[in-house]
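Any value given below was found using the heavy atoms of this structure, including those in side chains, with hydrogens, waters and symmetry copies removed. Since the model is a prediction, treat every value here as computed from it, not as a measurement. A, B, ... follow the sequence lines: proteins, then strands. Residue 1 opens every chain.
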Amino acid sequence: ETTVTIATVNNGDMIRMQGLADDFTAQHPDIKLEWVTLEENVLRQRVTQDIASKGGQFDVMTIGTYEVPIWAKNNWLVSLNDMPSEWDADDILPAIRGGLTVDGNLYAAPFYGESSMVMYRTDLMEKAGLEMPDAPTWEFIKEAAAGMTDKDSEVYGICLRGKAGWGENMAFLTAMSNSFGAKWFDENWTAQFDSEAWKTTLTFYMDLMTNYGPPGASTNGFNENLSLFQQGKCGMWIDATVAASFVTNPNDSTVADKVGFALAPDNGLGKRGNWLWAWTLAVPAGSDATDEAKTFIEWATSKSYTELVASKEGWANVPPGTRTSLYENQNYLDAAPFAEMTLNSINAADPTNPSVDPVPYTGVQFVAIPEFAGIGTQVGQEFSAALAGQQSVDEALAKAQALTTDEMEAAGY
Amino acid sequence: MATQHSRSAARIMMAPAVILLLGWMLVPLTMTLLFSFKKYLPLRGGDLGWVGFDNYIRFVSSSAFWPSVQATLVIVGGVLAITVIFGVLLALLLDQPMWGQGIVRILVIAPFFVMPTVSALVWKNMFMDPVNGLFAHLWKAFGAEPISWLSEASMQSIILIVSWQWLPFATLILLTAIQSLDSEQLEAAEMDGASPLARFGYIILPHLGRAITVVVLIQTIFLLSIFAEIFVTTGGSFGTRTLTFLIFQRVLESQNVGLGSAGGVYAIILANIVAAFLMRIVGKNLDA
Amino acid sequence: MGRITLDKVTKSFGATEVIPPLDLTIEDGEFTVFVGPSGCGKSTLLRLIAGLEDVTSGQIRIDGQDATMTPPAKRGLAMVFQSYALYPHMSVRKNIAFPMKMAGIDEAEQNRRIESAAKALNLTDYLERKPGQLSGGQRQRVAIGRAIVREPAAFLFDEPLSNLDAALRVGMRMEISELHKKLATTMIYVTHDQVEAMTMADKIVVLRSGHIEQVGSPLELYHSPRNLFVAGFIGSPKMNFIEGSEAAKYDAHTVGIRPEHIAISDSGGAWSGVVGVSEHLGSDTFFHIHDTGLAETITVRADGEVGFRHGDRVSLTPRTDVMHRFDAQGLRITA
Amino acid sequence: MGRITLDKVTKSFGATEVIPPLDLTIEDGEFTVFVGPSGCGKSTLLRLIAGLEDVTSGQIRIDGQDATMTPPAKRGLAMVFQSYALYPHMSVRKNIAFPMKMAGIDEAEQNRRIESAAKALNLTDYLERKPGQLSGGQRQRVAIGRAIVREPAAFLFDEPLSNLDAALRVGMRMEISELHKKLATTMIYVTHDQVEAMTMADKIVVLRSGHIEQVGSPLELYHSPRNLFVAGFIGSPKMNFIEGSEAAKYDAHTVGIRPEHIAISDSGGAWSGVVGVSEHLGSDTFFHIHDTGLAETITVRADGEVGFRHGDRVSLTPRTDVMHRFDAQGLRITA
Amino acid sequence: MARSVTQQRKAINTVAAWAVGLLIFFPILWTILTSFKTEAQAINDPPLFFFFDWTLENYAVVQERSDYMRFLWNSIAIAGGSTVLGIIIAIPAAWSMAFVPSKRTKDILLWMLSTKMLPAVGVLYPIYLIFIRLGMLDSRTGLIIVLMLCNLPIIVWMLYTYFKEIPGEILEAARMDGAGLKEEILYVLTPMAIPGIASTLLLNIILAWNEAFWTLNLTAAKAAPLTAFIASYSSPEGLFYAKLSAASTMAIAPILILGWFSQKQLVRGLTFGAVK
Ligand SMILES: Nc1ncnc2c1ncn2[C@@H]1O[C@H](COP(=O)(O)OP(=O)(O)OP(=O)(O)O)[C@@H](O)[C@H]1O
Ligand SMILES: Nc1ncnc2c1ncn2[C@@H]1O[C@H](COP(=O)(O)OP(=O)(O)OP(=O)(O)O)[C@@H](O)[C@H]1O
Ligand SMILES: [Mg+2]
Ligand SMILES: [Mg+2]
C-alpha cells in the first residue's frame, strides 16, 4: 500500500473532492490518501517551503498558475506529458493549458479554472434605470455604482477586493491596471508605479470604493465580498468567475435569482480588467510515489470526476473552467447560467500579453517571477492602507515604487 | 549540600539540559548567521554565494525596517501596559469576598487556554468584522457607523486581542501575589491610619513589584514572537508588521532566506537588548 | 488616657462562639498580659480591642467613650504584631514615619519623633536599612518604634517575642518592661509563655476557651490560683498534683505542691521515691522522682549543689503551708 | 562502636575560614553537646562529622578508621535535623523504614525494628499517619525513630528542639536524655540553648567562631569556666561581671559572680544599689539592680518571697567563695 | 482582614466581578453558542443569544470533513510527549540548580530563558533543513523534540522554583539514610514535588498544545495536531461562522476542560516562583 499525501486549499471544490475520494480508493485499494487541508496563504507558504528545501512531504500539491511556470523552470515538478490518452489533455482550455506548459511540457493538471467578471444585481440595475451591457466600461461601472448605492439600507454600489495580498487586492488591481494601460515593469524590469497609468488606476479604484463601497473594504477579500453579495449588500461585484455558482445558489444566497453577469470592464484600450487563474494539481519532483500521485491526479481532473460530482451534487457544482467539453455539455449549460460568460472571460485573458504595452513577463494578474509574491503582498499592503485612509494615493504609489525597486535590486535584476 | 561528590553529580545532571539547549540555540543560530552572509534564494536555485553584509544593509535600509521595530515595541508595550494595569485591578476585585469566586476565576482564566490562531479567528470574524461582527451590530444598535477595526484601528485591535489572551496570566499571578501578602501588614497599615487608597499605594503595589516583574518578563518573551494573531487578522497590513512578521515575509513570502536570516539576526539582537534590560531588573528580583 | 473597658463583649465566627460574654477593665497605665493555651482566643480578644475584628455583641469603651464602631485607625491604639508586619519595601525610617505620614504630621515633627524613638530603641544606626537587613530583635524594635511615634493611648502586643530565640527573648522582654516603666502607657500583651506573663505583667488575665479563668497580679496567681487550670498553667516547672488518699488527708480532692516547695533528702521526709532524670542547671537541679505512689512523677527543685543520682532512693518533704487544695470541681478550697 | 575523632579539621567556605584547625575526641557512648552563639560553626562541625560537607583539611576518624572521604550514608551515623526533615509523602512507617529499605534489609527485620522503635517512642498508634498529621513532638519522635532503626554508631542532633514550644521542649529534652540512658550510644547534640546543654550533656563543647573555648562536664563549666566567654555563656541569668577597683580588690582584672550567689537585703551588704526591673516568677525573683557603681546592672536572684520594689535602695552580699576571677585577657585565674 | 464584610458590599463585589468575568469569557461563550447555530442564525442581526434552534449539524460537518480524532490524538501525543520528556530532562537540571547552587546558577537559568527569545521564523529554514536531513518532517517524534526544547527553559525554571521551596535538609536526611543520588531524586524529591511537577506539566501541556508555528510548519498529514486542524478552517470560501465556531470549539475544548479542572495547580504553576 502506498500513501499519497495531498496538500489542498480549503475551498469548496477541494473539500468536495475530499468527500468523494472514496470513489478513488475503491478503484485503487492499494493507494492510501492523506489530506492536508490548509488555508490558501498557509498552504502556499507550506508547499513553497517544502519544495524549495526539498522536504518531500507531499506527493500532490495544489498550486496556482503563478507557481507552475516558476517551479517547472527549477525542475521541481514532474512532467505530466505521459498522462494516459483517456485523460484527454487536448480537451483542456487552451488559455489554461498554455499557462501550465513550459517548454512544451505540461507540469500541472487544472482542477478548476477561473477568470473574473462583473456580477451585478439585476433588480437594483432596474431600479437605477440602467442596463448592463455585456462588455461594460469602467465609466459605466462607476455610473451604475452611483445609481445603486443606498447606504441607509446598507446597499453599496460596488464591492471590490481591498484586503492586502498578492492574491487578494493585487490580483484585482493588477488586472484592472492592465485595462488602464498600466504595467508592473517595463522591458528593463524597472518598476512602473510612478507612471501616470497606475495613478489613474488607483485613483479610480479609490474613488469607486470610498464613494460606493462598503465600510471596512480594506479588509475585504473574496470571502468577505461573497458574503456581502449573498446578503444583498452589493450592487456589483467584480471577482472570480467561480463565485457565480455561489451567488446563484439559493441555499446560500438571498439574491440567487437576481444576479446578472458581464465581462470585466475595459477602458477602450484593448485590454479588459479580468484575470486568469487555475488551481492545479502537480507532482513535486521529490515525491516517492510519483506514479500513484499521477493516478490520483488523473482521477481528480478527469471528465469522469466531473460526472461523478454532477451525479452527486448536481451539474452546477462541478469544477468549472478547465475543459472545453464541459462547455459543450448541455446539462451543464442548463444548470449554470453563468457558463458562457465564464468561458468568454477565460478566453478574453491573455497571460502572455497582459498589458497594453509589451512587458517582459507573463501573467495577467501576477508577474511570473519568484519575487512577485513577496513584492505583491507588500505593495498590496500599501494600497490597502491607502484604501483605509491611512495614506494618500501618491504616498502609496511612491512606497510601492520604492519597495519594488528595492526588492528587484535584491533579487539581482 | 556542597560536597565534592554532589557538585560533580550536579554538573552531570545539568549536562543534558544545557547541552540540548546549547545545541538548540547554536546549530540554527550558526546556520542563520551563515545564510545571512549569502545570497540564498531557494526559488532561484538556492545558495548563490557570499555577499558580505549586503543582506544586513538591505534589511535595515528597507523602508519597512524601522516601522516594524516600532510596531513590535508598541505591541509589546501596549499589551504589557494593559495586562499589568487591568491585571492589578482585576486581581484586586477578585481578591474581595464574593459569591461564586471559583467560577469567576474559571471565567477569567479561560482565554489563556485558547490557541492564538483560534482567538485571532474568532475576534476577527465574529467581533471585529465591520459588517457581521458583533461590534458592528452593537455600534449600529447605538446608531453609530461600524468601525472597520482591523484597518482603521489595526494596532489597537491587535493589542486588544493579544491583551485578552494574556490578561488571565497577569491577573492570576497578581492575584496570587496579593493573596500572599501578609494580612498583618495590611492590618498594621490600617492601624496606622492608612486609607484603602493609601494601603493600595503604599503596601499592596510595592508588594506586587516582584510579581509584576515576572509578568513583564514572561510576557515579553512570548510577545516578542507573536505571529498567529497578526498573520490571521491583518496579515501585516496597516502598520502592524512586526519585526517577526517582516522576517516571515522575507523568508517565506519572498523566499529570500539570506535577507530573512539577516533580519533574524537583528531580531535576536533586539530581543537581547530587551532581555538584557529585563534580566537586569528580574535577576535582582529573582532570589530576593 | 488609656482605660479600656470591655462590656459583655462576645465574638462568634460564623456559628462558633469564640468569646462568650466577657467583661474586663484595663486601667490606665497598666501592663496587662493575656495568657492561655493556643487557640483560647487571646489574639481574637486583642483584635477586638484594636478594632480589627467587629464584636458580635457588647461594647468596647476607651476612656469611657464608646469605641465599638470606631475604625481601628481612630481608636488611638498602636499594635505590634507577632510577625512585626513591617513594610518590607520601606526603610526603617519610612516604616516608623508611616503612621505619622498618614496622620499628616509635618516633616519636622516627624523627624523629631523618629530621632527620639530611634535613640530610645537603639536604632539610630539602622534607620536607612530595609527590614530584610535587620536581625529579629532589631525588627522587633522597629515595630515598637512605629507604634511609639503615634503616641497612642495604649499599646497592643500580640506575641511579639515568639519569633525570637531564647536569649534575645529575655533581652527584649526586659526592654519592653523598661519601655513601659518609661512611658507609663497602657499596654496589653498577649503571650502563651507563662514566664513572660509572670515577669512582665502588672495584671495577668488567664484565658481558657474564651473564658477568663482568673485576673490578678502575677504573684496572686502564683500564690492563690483559683483553680487547677491556673495552678497548672502558672509556674515552672509545673506544680505537682496529687490525688487520692494523700489528698484526702488534707480534706481535698487534689492537692498541688510546687517543685520549689518540696525538700529532698536522704531520709526522714513524708514521701519517698526513686530519682529518675535529674537536670543540672548549675544554679538549680530539677529531680524527677518516680515510684512515689502519689503521681507518675514528682518534680522537685533543689539548689545547685545537691547531688543525688539516677536510681537513688530519696525522701521528700513538702511544705504543707504553701500547699494548694482543690475540690472535685478543680476549684480552690480557701478555708 | 562510636568513638569519633577530629584531627586538625578545618573548613572554609570560599575564602572565609569557618572552622580553624580543630581537634576533638568524642568517646563512645558519650552525650556531647556543642553550644555556642549563632553562627559560631556548630552546624558546620556537625555536618562535617556527618559527611554532608567536605572538610577543607584534616581528618575525621570513626572508631579509629579514617572516614574523611566516606560518603554520609556509609559512615554509620544517623542525624536528626532541626526541621526533622521527615518525608512528607510517606507514612510514619515508611519514614522509619526508609533507611532500612536503602540498606536492603529484609521486610521482616524491617518490621521488627519498626515495631520496637515505635513502642519505645510511643508511636505505635501513629504508624499509618503522614507527618503532616502529627504534632511537633510526635514528628520529633518519628525523626528519632528513623535514626534509631539504623542502629547507628552515633546520633547527631542539630537543634532538634528549637522548633517546639517551651512546654514541649522540656518534655522532649527529658525523652532524649532517657533514650540516651537506654541506648548508651554516642550522641552529638547541637544547641544554642545553654539550659539544654546543661541538662542533657555528659560533655559540653563550647564554641566561638569555630574555636573550642572549653570542653567539660556541665558542672565543670558552671563552676570553673575557663574564660569570660564561657562564664557568660553558661548559667541563666547571666553571670555578673565587675571590673575596675572592685575587681582589683580580688587581684583580678574582672570578677564574675552569678546572680544566685548574691544575697539581697535591706542593709548590711558589701554593695548597694537601686532596684530597677524585677521579674517575679513566683518561685524566684530576679532583681536588676542599678547604680551600684560596679557595672551597669547587677542581676540578683532571690527566692520567691522577697519583696523589694522598683526604686528601693538595697544592699547586696556576694558569696566570695564562689566568685570567679579573670585576668586582662579574660582567662580564669586559678590560683 | 477578617472583619465581617457587609452583605451589601459583598453583593456589589459579586456583581462587579461576575460582570467582568463574563465580559472576559464572552468571546469564548459566543463562539460556543455560535457553533450550535445555523449559518444564517450565526450572522443574524440582531445577534441571537440563547433563543435559536440549537443544532449539532456544524459539528457533524466538521467531523465529516476532517478526522478530528486524529488531530486530537496528535495534539495529545505531542503536547504530552514533549512535556513529559522535558520534565525528565529538567528534573536533574533543576535539582542541580536548586540544591547545589553555584555562582553561575542564576546566569545559566537566565541564559536558558533567553533561548526562548530566538525568533522562530528566523531559524525556520535551518531547522527545516535539519529535519529533512534527519527525516523527521511530519513525525510526532520530531515535534516532540522541538516543542520540548522550546519549553525546556520554562520547565527548568518552574521546577527550580519549586525545588527551592523544598528544604535541603530532607534530601540530606535521605543521604544520611543511605540513599544514592538516584534514590534521592526518585523516592524523596520527586514525590515531594508532585504538586509542582503537576503544575509544570499542565502549563507546558497548554503551551505545547497552543504552539502554532512549529506544529504547522513541520507537519503535513501524519503528525498534524489541532493547530493544523484549525488552519484548514480559517477564511474558507463564504461565510461559515457557525462551522468556524464549531471547529474552534473542538480545538480548544480539551485544553479548556483540562485547564478548568486543574486551575488550582495551574495558578500555582503560573507564578514562576514570583510569589511564595
Ligand atoms: N477568622 C476566623 N474564623 C474562624 N475561626 C477563627 C478565626 N480566627 C480565629 N478563629 C478561632 O478562634 C479561636 C481563637 O483564636 P485565637 O487566634 O484568638 O487564639 P489564640 O489564643 O491567639 O491562639 P494562639 O496562641 O495560637 O495565637 C480558635 O479556635 C480559632 O480557630
Ligand atoms: N554554605 C555556606 N557558605 C558560606 N558560608 C556558610 C555556609 N554555611 C555556613 N556558613 C557560615 O559559616 C558560619 C557557621 O555557620 P553554622 O551554620 O555552622 O552556624 P551555627 O553555629 O550552626 O549557627 P546557628 O546557631 O544559627 O544554627 C556562619 O558564619 C555562616 O554564615
Ligand atoms: Mg494568637
Ligand atoms: Mg546551626
Side-chain angles (χ1 to χ4, degrees), chain A residues 39 41-42 44-46 48-49 51-54 67 70-71 73-74 76 151 154 162-166 168-169 214-221 223-224 227-228 231 233 369-378 380-385 387-390 399 402-403 406-407 409-412, chain B residues 39-46 48 51 54-55 57-59 61-64 67 117 121 124-125 128-133 136 139-140 145-154 157 228 231-241 246 248-260:
Chain A
E39 183 263 329
N41 291 313
V42 181
R44 183 170 294 124
Q45 165 205 324
R46 285 289 291 113
T48 310
Q49 163 83 25
I51 199 136
S53 52
K54 303 183 178 54
E67 283 91 1
I70 301 173
W71 292 11
K73 273 190 206 114
N74 283 334
W76 288 345
K151 289 192 177 171
E154 290 194 341
K163 181 185 184 176
W166 72 266
E168 291 280 3
N169 64 343
S218 56
T219 50
N220 286 353
N223 295 321
E224 290 80 2
S227 80
L228 284 171
Q231 291 172 60
K233 293 182 176 170
I369 57 171
E371 291 72 26
F372 179 77
I375 302 175
T377 298
Q378 292 179 65
Q381 290 181 347
E382 297 304 336
F383 290 176
S384 189
L387 182 56
Q390 289 166 354
K399 285 190 192 169
L403 76 88
D406 213 39
E407 291 265 337
E409 214 172 277
Chain B
K39 183 163 178 169
Y40 195 100
L41 300 167
L43 291 178
R44 292 187 166 274
L48 303 177
V51 290
D54 272 13
N55 288 322
I57 296 163
R58 201 176 291 285
F59 196 89
S61 58
S62 132
S63 60
T117 329
L121 279 173
K124 175 192 166 200
N125 289 308
M128 293 176 165
D129 188 281
V131 178
N132 293 306
W139 258 242
K140 274 182 272 180
E145 177 79 2
I147 297 170
S148 172
W149 289 93
L150 290 169
S151 54
E152 288 168 36
S154 50
S157 303
F231 183 77
V232 172
T233 53
T234 62
S237 329
F238 314 118
T240 59
R241 181 160 46 190
L246 183 65
F248 161 79
Q249 284 193 336
R250 296 291 185 254
V251 175
L252 288 171
E253 282 186 6
S254 305
Q255 286 286 318
N256 191 335
V257 177
L259 192 59

Counterpart residues, salt bridge (Lys or Arg N to Asp or Glu O under 4.0 Å), relative to Arg241(B) (two or more places apart):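 Scan of Arg241(B) (salt bridge (Lys or Arg N to Asp or Glu O under 4.0 Å), adjacent residues dropped) gives none.
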
Evaluation steps, side chain to side chain contact (heavy atoms under 4.5 Å, CB included), between Phe231(B) and Asn41(A): CA-CA 9 Å; Phe231(B) 183 77; Asn41(A) 291 313; 4.0 Å; yes

Sub-4.5 Å side-chain heavy-atom contact between Glu407(A) and Ser254(B):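 Yes, their side chains come closer than 4.5 Å.
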
So how far is it from [X] [atom1] to [Y] [atom2], rounded to the nearest 0.5 Å?
| X | Y | atom1 | atom2 | value |
| --- | --- | --- | --- | --- |
| Asp406(A) | Arg58(B) | CG | CZ | 6.0 Å |
| Glu224(A) | Asn125(B) | CD | CG | 7.0 Å |
| Asp129(B) | Ser227(A) | CG | OG | 7.0 Å |
| Leu43(B) | Glu67(A) | CG | CD | 9.0 Å |
| Gln45(A) | Gln255(B) | CD | CD | 9.0 Å |
| Thr117(B) | Glu39(A) | OG1 | CD | 11.0 Å |

Identify which part of [X] has an atom lying under 4.5 Å from any heavy atom of chain B, answering side chain, backbone, both or neither.
| X | answer |
| --- | --- |
| Trp166(A) | neither |
| Lys233(A) | side chain |
| Glu409(A) | both |
| Asn74(A) | side chain |
| Gln390(A) | side chain |

Check: Gln381(A) side chain, Thr234(B) main-chain N or O, donor-acceptor pair, under 3.5 Å: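 No; judged by distance alone, with no hydrogens or angles, the pair does not exist.
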
Go through [options] and name the one with the most non-hydrogen pairs under 4.5 angstrom from chain B.
| options | answer |
| --- | --- |
| Ala52(A), Gly376(A), Ala164(A), Ser218(A) | Ser218(A) |
| Arg44(A), Lys399(A), Glu154(A) | Glu154(A) |
| Ile375(A), Thr219(A), Ile51(A), Asn220(A) | Thr219(A) |

When Ser154(B), Ser148(B), Ser237(B), Ser63(B) are compared by non-hydrogen pairs under 4.5 Å with chain A, the top option: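 Among the listed options, the one with the most contacts to chain A is Ser237(B).
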
